[in-house]
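Report on the structure given below.
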Amino acid sequence: MADSKALTTREADFSAWYNEVIMRAELADYSPVRGCMVIRPNGYAIWEQMQQALDRMFKDTGHQNAYFPLFIPQSFLSKEAEHVEGFAPELAVVTHGGGKELEEPLVVRPTSETIIYAMFSKWIQSYRDLPLLINQWANVVRWELRTRLFLRTTEFLWQEGHTAHATEAEAQDETLQILNLYRRFMEDWMAMPVVTGPKTDSEKFAGAIRTYSCEALMQDNRALQAGTSHALGQNFAKAFDVTFQTAEGGLDHVWSTSWGVSTRLVGGLIMTHGDDVGMVCPPRLAQWQVVIIPIWRKEEERDQTFAAAISLMGELRAAGIRVTADYRDMKPGAKYYEWEARGTPFRIELGPRDIAASSVMLARRLGGKESLPMAGLGDRLKTEMDTMQQGLLDQARARREAASLRNPASKEEFIAFIEKNGGFVYAGFCGDPAVEQEIKEQTKATIRCLPDPEFRSKTAPTTCIWTGRPAVVEALWARAY
RNA sequence: CGGGGCGUAGCGCAGUCCGGUAGCGCACUACCUUGGGGUGGUAGGGGUCGCGGGUUCAAAUCCCGCCGUCCCGACCA
């Protein structure tokens, strides 16, 4: 511990680096309850920005928010066979209430399909009630064996959409519309490029007929499942008797979908953009896009500087920039380190020299410091933010491509690449269980998804993070759409 | 549940082999100093050394038991 202020580098120990970034940026903390996370104000602010952006996108596509109970009767889970089988091992169960043992235990929701479809069956009578497009912002609990801050915690915050449709085609459109919405959010707001596509049967959601996911590649070259969208077919409709009268006068079960993203996205943001100084937050999701650091030597200078900072802050806020100022009595350098660790995109240093020259010193989180005239600063900052937002996306995409292998010539090349680099391998070995098993055992690689066409190699159709002969991929892919 | 590591101040750790006054860094409190990249100084607060038992004049240290926690495997938004 020669220098307790030095951050572990990503290169040296990614996991330790990740935890240190979270602690330094004061994003989250461990709680007294094992596996549960306390989200601190800085971390929650990022989640709030995400919520606002996503919520707007949901509303724009006709979805409405609602809220359903935290407790679900245990018997509800059992109504869908695959669903209960998938979630049983990770349920938290309430057996006592009001000092008495309950007649029927209540599970704390691991996801809300069951309670929501129980309600849908009361709400839906006619094809005129469809589609029913509902979203819920909520917390859920899954008793995972091993946890990591933001990425896999016992309790987490998320958004879960649940929709019911009259036809399979319409439900399928919804599933893909949301997948695309997620992708746009992750790329445009988080500057986190993703590969989209259907999951294999073994990886799909418990109870779904098809699962689509957004897969991102982190800086340790490991994949992160950032969001999922499920086509549930009529499975839950049949289990919960969600029927409607068709336009033709018949009776049918609805076709439903469900989809969600969680606070895991905050973890993804850290692992995508963070550097050896700490967090890097894309401007569009930053609580504070700009922080003003007043600098002074003497009392009279302080008053003058504070006044200038307040005035500048007012101007920038009027221009629609999220800006704050740090008036604390600390050395400027100490403040710089703190705001950099938090990931604040831009810092404005404002001292007597700048005020005299009607200029400011602008420092970018990604590096580079220059003196700019105070006039027109708002417009300049907006340009800077656009540049940074785009730069982060480009950088992340370039990193992903550098860590991707397309069309390995042999199983051996595939295994060697994964073992050496990790990353995404677009290849085609799935369909041969023996080879799949061998790769899994030797490399711990798994099939993330069967990439949508645009992500596949131009020379040959492939799948993401391992797969096989194009023909096999084509067959799986055809079945998924 | 299998294999391994660790429990000492809020955090990170030394001390344990070889028993003898409870330590260090960061953080915190007060004052002074400093202020365009973590300023320096002085003083200070904070511990049943994970829990229980045993050996001993004497246990953070040795012995036995228990508990907690972290990492690796099975699970995973």
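To find a chain, count down the sequence lines: A is the first, B the second, and so on, and within it residues start at 1.
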Describe the nucleic acid contact of [X] in one word from base, sugar-phosphate, nothing, applying a heavy-atom distance below 4.0 Å.
X	value
A:Met361	base
A:Arg347	base
A:Pro89	nothing
A:Glu144	base
A:Leu265	nothing
A:Ser371	nothing
A:Gly260	nothing

Using purine N1 to pyrimidine N3 plus N6-O4 or O6-N4 for Watson-Crick, or N1-O2 and O6-N3 for G-U wobble, each under 3.5 Å, what pairs with [N]?
N	value
B:rG2	B:rC72
B:rG47	none
B:rC24	B:rG12
B:rG38	none

What's the gap between [N] and [M] when it is taken at their [atom1] atoms, as a whole Å value?
N	M	atom1	result
B:rC64	B:rA77	C1'	45 Å
B:rC62	B:rA27	P	33 Å
B:rU33	B:rA43	C1'	15 Å
B:rC63	B:rG45	C1'	38 Å
B:rA22	B:rU61	C1'	13 Å
B:rG65	B:rC70	P	24 Å
B:rA59	B:rC49	P	12 Å
B:rC17	B:rG50	P	15 Å

Both A:Arg148 and A:Leu151 contact RNA chain B. Which one's nearest nucleotide lies toward the 5' end? A:Arg148

Polar contact flag, side-chain donor to acceptor under 3.5 angstrom, [X]-[Y]:
X	Y	value
A:Gln159	A:Asn135	yes
A:Glu144	A:Thr154	no
A:Ser213	A:Thr228	no
A:Gln172	A:Arg210	yes

Please state whether the base of [N] and the side chain of [X] form at least one donor-acceptor pair under 3.5 Å?
X	N	result
A:Glu340	B:rG37	yes
A:Lys331	B:rG40	no
A:Arg353	B:rG36	yes

Does the structure show A:Tyr337 stacking with B:rG38, if we require the centres to be closer than 5.5 Å and the planes to be within less than 30 degrees of parallel? yes

A:Phe156 ring over B:rA77 six-membered base ring, under 5.5 Å and 30°: yes

Taking [atom1] from [X] and [atom2] from [N], how many angstroms apart are they, rounded to a whole number?
X	N	atom1	atom2	result
A:Met330	B:rG36	CE	P	12 Å
A:Glu349	B:rG36	CD	P	10 Å
A:Phe205	B:rA77	CZ	P	9 Å
A:Arg297	B:rG37	CZ	P	10 Å
A:Glu20	B:rC11	CD	C1'	12 Å
A:Lys298	B:rU33	NZ	P	15 Å
A:Tyr182	B:rA77	OH	P	13 Å
A:Trp296	B:rU33	CH2	P	16 Å

Parallel under 30°, tilted from 30 to 60°, perpendicular over 60°: which one fits the rings of A:Trp189 and A:Phe185? parallel

Can you classify the ring geometry of A:Trp259 versus A:Phe58 as parallel (below 30°), tilted (30 to 60°) or perpendicular (above 60°)? tilted

Residue A:Glu90, side-chain heavy atoms: nucleotide from B:rC76, B:rG35, B:rA77 that is nearest: B:rC76

Measure from NZ or CZ of A:Arg148 to the centre of the six-membered ring of A:Tyr18, then state whether that distance is under 6.0 Å and the direction lies within 45° of the axis. yes

Compute both the distance and the angle, then confirm whether A:Arg347 meets the cation-pi test with A:Tyr336: under 6.0 Å from the six-membered ring centre, within 45 degrees of the axis. yes

